[in-house]
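What follows is a short report on a single structure.
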Amino acid sequence: MDATDKKRNAAKASLDFIQPGTVLGVGTGSTVNFLIELLPGVRDRIDAVVSSSQASTTLLEARGFEVTTLNEVGDIDLYIDGADEANKHLQLIKGGGGALTREKVLAAAARRFVCVVDDSKLVGMLGSFPLPVEVIPMAQAFVARRLLKLRAQPVWREGFVTDNGNHILDVHDLAISNPLEMETRINQIPGVLTVGIFAHRAADVLLVGGETGVREMRA
Ligand code: 5RP
């Protein structure tokens, strides 16, 4: 079974978490795209949909969903999203698709966060995947210099602009032995909008698509 099938299976398993009357938050990425394909089948259980990116909004609208805003709905019942890496504490690296800021807001606003991944995303220690950091454009070089002091290698994601009009630094070679501490530390650099470590708000449930099916992990 390839990664695509594993992602599809994990996304399908997340449908069971959508209860009647759900205000649903939808993440971004190829795994979530499988979820969006399947959502019309559970339309009657969804009261409202909020999206973490323009890309997901476009796909949702193409399937006939009216996408509302977090400001309109207040908190959301369930947030479903993928990840670039996950550890056994359900702490994550996210932002490979550049949507990390809105993803972090929706995860924080969600009563429950279900993360859907294929088994290649499970790691012992976060940080092999280059850590995305969204920065405001005028602070990009300043933030990069601060990140160099952590003995990491920030690389500007050239030509990419986030939905918020900002830039992304992908931080290579960062040893994230303490995700909570590192999330706080990078967040405190002036000019950083969001760091792609999701440790203070980790997932509640991790659905891992593998060779033999979908494994459910809980915090
Ligand atoms: C987007 C993300 C995605 O969840 C992450 O990149 C995983 O993507 P995929 O499902 O395509 O592997 O954080 O900003």
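Indexing begins at 1, ligand by ligand and atom by atom, following the structure's order.
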Apply the test side-chain hydrogen bond (donor to acceptor under 3.5 Å, both in side chains) to residues Glu134 and Thr162: give CA-CA distance (whole Å), side-chain angles for both, the deciding distance (0.1 Å), then the verdict. CA-CA 8 Å; Glu134 182 167 355; Thr162 70; 2.7 Å; yes
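- A salt bridge links Arg111 with Asp77; the closest basic N to acidic carboxylate O contact falls under 4.0 Å.
- Between Asp119 and Lys6, at least one side-chain nitrogen of the basic residue sits less than 4.0 Å from a carboxylate oxygen of the acidic one, meeting the salt-bridge criterion.
- A donor atom on one side chain and an acceptor atom on the other are not found under 3.5 Å apart for Asn71 and Thr69.
- Protein residues with a heavy atom closer than 4.0 Å to ligand 1 are Lys7, Thr28, Gly29, Ser30, Thr31, Asp81, Gly82, Ala83, Asp84, Lys94, Gly95, Gly96, Gly97, Gly98, Ala99, Glu103, Lys121, listed by chain and number.
- Partners of Glu158 according to the side chain to side chain donor-acceptor pair (under 3.5 Å) rule, which considers only residues two or more places apart in sequence or in another chain, do not exist here.
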With side-chain contact (heavy atoms from CB on, under 4.5 Å) as the criterion, how do Tyr79 and Val50 come out once you've worked through the C-alpha distance, each side chain's angles and the decisive distance to 0.1 Å? CA-CA 9 Å; Tyr79 180 54; Val50 180; over 6 Å; no
